[in-house]
Amino acid sequence: MRLFEILLAVSCLFMLNYLVFFKTSARKKAVTALLSTISIGLLLIHLFVEGYRWQMGLVYVLTALLLCYAAAGWREQSPQSSKMGKRVLKYGFYAASMLLLAVSISLSVILPVFQFPEPTGKYKVGTELFHFVDQNRKGVFADNPDDPRELMVRVWYPAEEQTSGRPAPLFPEGERDFNNFIGAYTKQMGIPKWTLGYFKYINTHAYSGAKALQGAAPYPLIILSHGMGTSMTLHASQAETLASHGYVVATIDHTYSTTATVFPDGRVTGYTTDMDGENFLQQASEVGKVWEEDAEFVIDQLTKINAGEISSGLKGIFDLQHIGMMGHSFGGATAFDVVSSDDRVKAGIDMDGTLFEATKRKQISKPFLFMRAEDYLSSTEEYIARSDAEKTVAQHLSSELSISKKASQHGGNLLLIDGAGHYNFTDLQMFTRLASWTGMAGKIDGKRGAEIVDRYVVEFFDEHLKGIKGTLLNGPSNMYPEVKFYGKNI
């Protein structure tokens, strides 16, 4: 909960108990007037400074009821009122009020306006949004076969110290773009639009259009790819953490494979990629090729920005001799394919993604880190050993497991994180506790999960893109006992 939300809830609780349990007196009327003034002040400050959100609606209702209670002086019952009637009214009101308060506070905690952890690097972070159009690829997933492939890409980079302004919001800026995005987002999820309206209060630690820090440039470039049906918004904290450690990070929205993507003219695309479960590996391979081409096209465009062919304040800040790629789920599989096939990309990370091209490759010859949820190894080996396992799937998983195990031969590794579920490799683990309760994320605390992923990601790229070797990738660490190394403590 935010500061003035907490203060407003506390003021309601204090005022409720004072009105119900303290006897009427001249002094009580003065104190009641003071408490009412404080409650009104806190409510107004909260609404104008922090902003309304529906989770606090019952606290707003309770505040209004308490003010009415105080103003009406319900204690001053007529002599004809029975003592029992007064008690029923008093304690009934108290119980109902406590229930309203408890429900509203619970909703506010479960669905918070959360803050990302502070980036751990020494640099401040800037961010800039780009709209790239690939005229050479037409009709990719689009309704109109003549439409070119369009991508939205957010770049995060080391920036100069900011003396004014506010950090950039996580979701699209401006009322039109935000409403269009949330409308499409909630439609895909099948929930009312108003339920996610509070997302507009969630901020990053980066500043839009901040001047790039040229003194330490150029910086290694990281391409970051999201999972199927999500979006780059689930990797903002990861991106700004890498940027704070001296990287430029380009997060891609793979159009038509996201929950929602907003373009500069206000158009919004949703999820229309055909992944129906039948012939999954073939479909995944076809879609994966599109994502692979997206990543390669983005590198081409960033190369033009670096050379000044595309106007931007980021000219000259990319170290194009040291490019890495990482991704989650389907994006992790895409990272594997891009690192395997594109000579420009030197190292990569797959965060809990099944390799859709595993049977076509025996191993990867560049540094590649596989980060997996805790049950990956046991569940995969169990399925492969099953007598009723579908042969094609078992063969695919066997190839994938073999590739993951061999990663250490070329500077990579296979790590399993105890307590982690699939979405503990994204920022979703910090959005809501429902991610853990519904099984989308594991039992590990969201901030702890984010810290672990960020630390190992930074150390891996530091070693293979900057030549700075750390200690975490040498083997098990007392600092992070949740992380298990294949072949060392597995």
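As the structure is a prediction and not an experimental result, all values here were calculated from the model.
- Closest approach of E173 to S208, counting heavy atoms only: OE2-OG, 3.1 Å.
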Candidate pair R154 and L129, rule side chain to side chain contact (heavy atoms under 4.5 Å, CB included), full reasoning
CA-CA 4 Å; R154 181 170 288 280; L129 191 62; 3.8 Å; yes
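- Other residues, nucleotides and ligands contribute at most 12 non-hydrogen atoms within 6.0 Å of the CG atom of D143.
- Here CD1 of I223 is found 9.0 Å from CZ of R344. Values are rounded to the nearest 0.5 Å.
- Between S477 and L472 the shortest heavy-atom distance is OG-CD2, 3.8 Å.
- Relative orientation of the F431 and F114 rings is tilted, given thresholds of 30° and 60° on the angle between their planes.
- Atom CG in L101 sits 6.0 Å away from atom CG in L13 (nearest 0.5 Å).
- To the nearest 0.5 Å, the span separating CZ on R372 from CG on L415 amounts to 11.0 Å.
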Kindly determine whether L42 and F4 satisfy side chain to side chain contact (heavy atoms under 4.5 Å, CB included), including the steps that lead there.
CA-CA 7 Å; L42 288 173; F4 287 103; 4.1 Å; yes
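- Tested against R149, the residues T255, D294, N136 include a single side chain to side chain donor-acceptor pair (under 3.5 Å) partner, D294.
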Where do D445 and K447 land on the salt bridge (Lys or Arg N to Asp or Glu O under 4.0 Å) test, with the steps shown first?
CA-CA 6 Å; D445 175 74; K447 289 187 177 181; over 6 Å; no
Stepwise, does the side chain to side chain contact (heavy atoms under 4.5 Å, CB included) test hold for V290 with R137?
CA-CA 10 Å; V290 174; R137 291 190 293 158; 4.0 Å; yes
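- M326 has its side chain out of reach of V249: every pair of non-hydrogen atoms, C-beta onward, lies at least 4.5 Å apart.
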Would F263 and H131 count as a ring pair (Phe, Tyr, Trp, His ring centres under 6.0 Å) here? Give the steps.
CA-CA 7 Å; F263 291 95; H131 176 212; 5.5 Å; yes
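- Side-chain atoms of F370 and D350, non-hydrogen and from C-beta on, do get closer than 4.5 Å to each other.
- In this structure, the side chain to side chain contact (heavy atoms under 4.5 Å, CB included) partners of R433, at least two apart in sequence or on a different chain, are V109, W437.
- In terms of modelled atom types and a separation under 3.5 Å, the side chain of H235 and the main chain of L224 share no donor-acceptor contact.
- When all heavy atoms of L473 and N413 are compared, the pair lying nearest together is O-ND2, 4.4 Å.
- Between L234 and H226, the closest side-chain pair of non-hydrogen atoms is not below 4.5 Å.
- Using a distance-only test at 3.5 Å, with no hydrogens or angles considered, a donor-acceptor pair links the side chain of N424 to the main chain of G442.
- Counting heavy atoms from C-beta on, the side chains of F356 and V287 never come closer than 4.5 Å.
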Candidate pair S108 and E5, rule side chain to side chain donor-acceptor pair (under 3.5 Å), full reasoning:
CA-CA 9 Å; S108 298; E5 290 177 346; 5.0 Å; no
Using the rule given for side chain to side chain contact (heavy atoms under 4.5 Å, CB included), can you reason through D300 versus F132, listing the C-alpha separation, both sets of side-chain angles and the distance that settles it, and then say yes or no?
CA-CA 10 Å; D300 292 340; F132 294 145; over 6 Å; no
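- Residue-environment remark: CD (E309) exceeds the threshold of 12 foreign heavy atoms within 6.0 Å.
- In this structure, I182 CD1 and W194 CH2 are separated by 13.5 Å, a value rounded to the nearest 0.5 Å.
- Judged purely by atom type and a 3.5 angstrom limit, D253 has no side-chain atom pairing as donor or acceptor with the backbone of M152.
- Taking the ring centre of Y247 as origin, the terminal cationic atom of K466 falls inside the region bounded by 6.0 Å and 45° from the ring axis.
- Heavy atoms only, all atoms of each residue included: A212 and L314 are closest at CB-CD2, 4.1 Å.
- For the atom pair CG of L320 and OG1 of T303, the computed distance is 4.5 Å after rounding to the nearest 0.5 Å.
- Under the 30°/60° scheme for interplanar angles, the aromatic rings of F368 and F336 are found to stand perpendicular.
- Applying the 6.0 Å contact sphere to CD of Q115 captures no more than 12 heavy atoms from other residues, nucleotides or ligands.
- Under the 4.5 Å side-chain criterion, counting only non-hydrogen atoms from C-beta, T334 is in contact with M325.
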Which is it for T273 and S257 under the side chain to side chain donor-acceptor pair (under 3.5 Å) test, yes or no, and what are the steps along the way?
CA-CA 5 Å; T273 304; S257 298; 2.5 Å; yes
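- Taking CZ of R2 as the start and CD of E50 as the end, the distance is 4.5 Å to the nearest 0.5 Å.
- Below 30°, between 30° and 60°, or above 60°: for F171 and F178 the angle between ring planes is above 60°, a perpendicular geometry.
- Closest of all the heavy-atom pairs between M371 and V457 is SD-CG2, 4.1 Å.
- There is a side-chain donor-acceptor pair under 3.5 Å between T120 and H245.
- Residues P158 and Y219 form a side-chain contact, since some pair of their non-hydrogen atoms from C-beta on lies under 4.5 Å apart.
- Checked by atom type and distance alone, the side chain of H254 never pairs as donor or acceptor with a backbone atom of G227 at under 3.5 Å.
- With contacts defined as side-chain heavy-atom distances shorter than 4.5 Å, the pair K366/K346 does not qualify.
- In this structure, the side chain of T127 engages the main chain of V155 through a donor-acceptor pair within 3.5 Å.
- The backbone N or O of L111 lies less than 3.5 Å from a partner atom in the side chain of Q55, making a donor-acceptor pair.
- Panel note: side chain D319, backbone L221; no donor-acceptor pair is recorded below 3.5 Å.
- R455 and Y480 share a side-chain donor-acceptor pair at under 3.5 Å.
- Using bins of under 30°, 30° to 60° and over 60° for the plane-to-plane angle, the ring pair H328/Y423 lands in the tilted bin.
- Remark: side-chain polar atoms of T186 are paired, donor with acceptor, to backbone N or O of G183 under 3.5 angstrom.
- Between I252 and W291, every side-chain heavy-atom pair lies at or beyond the 4.5 Å cut-off.
- A donor-acceptor pair under 3.5 Å is formed between the side chain of Y157 and the backbone N or O of A210.
- In this structure, the side chain to side chain contact (heavy atoms under 4.5 Å, CB included) partners of L43, at least two apart in sequence or on a different chain, are L8, L47, Y60, T63.
- The backbone N or O of K211 lies less than 3.5 Å from no partner atom in the side chain of E160, so there is not a single donor-acceptor pair.
- A260 and F181 make their closest contact through O-CE1, 3.3 Å (heavy atoms, listed as atom of the first residue, atom of the second, distance).
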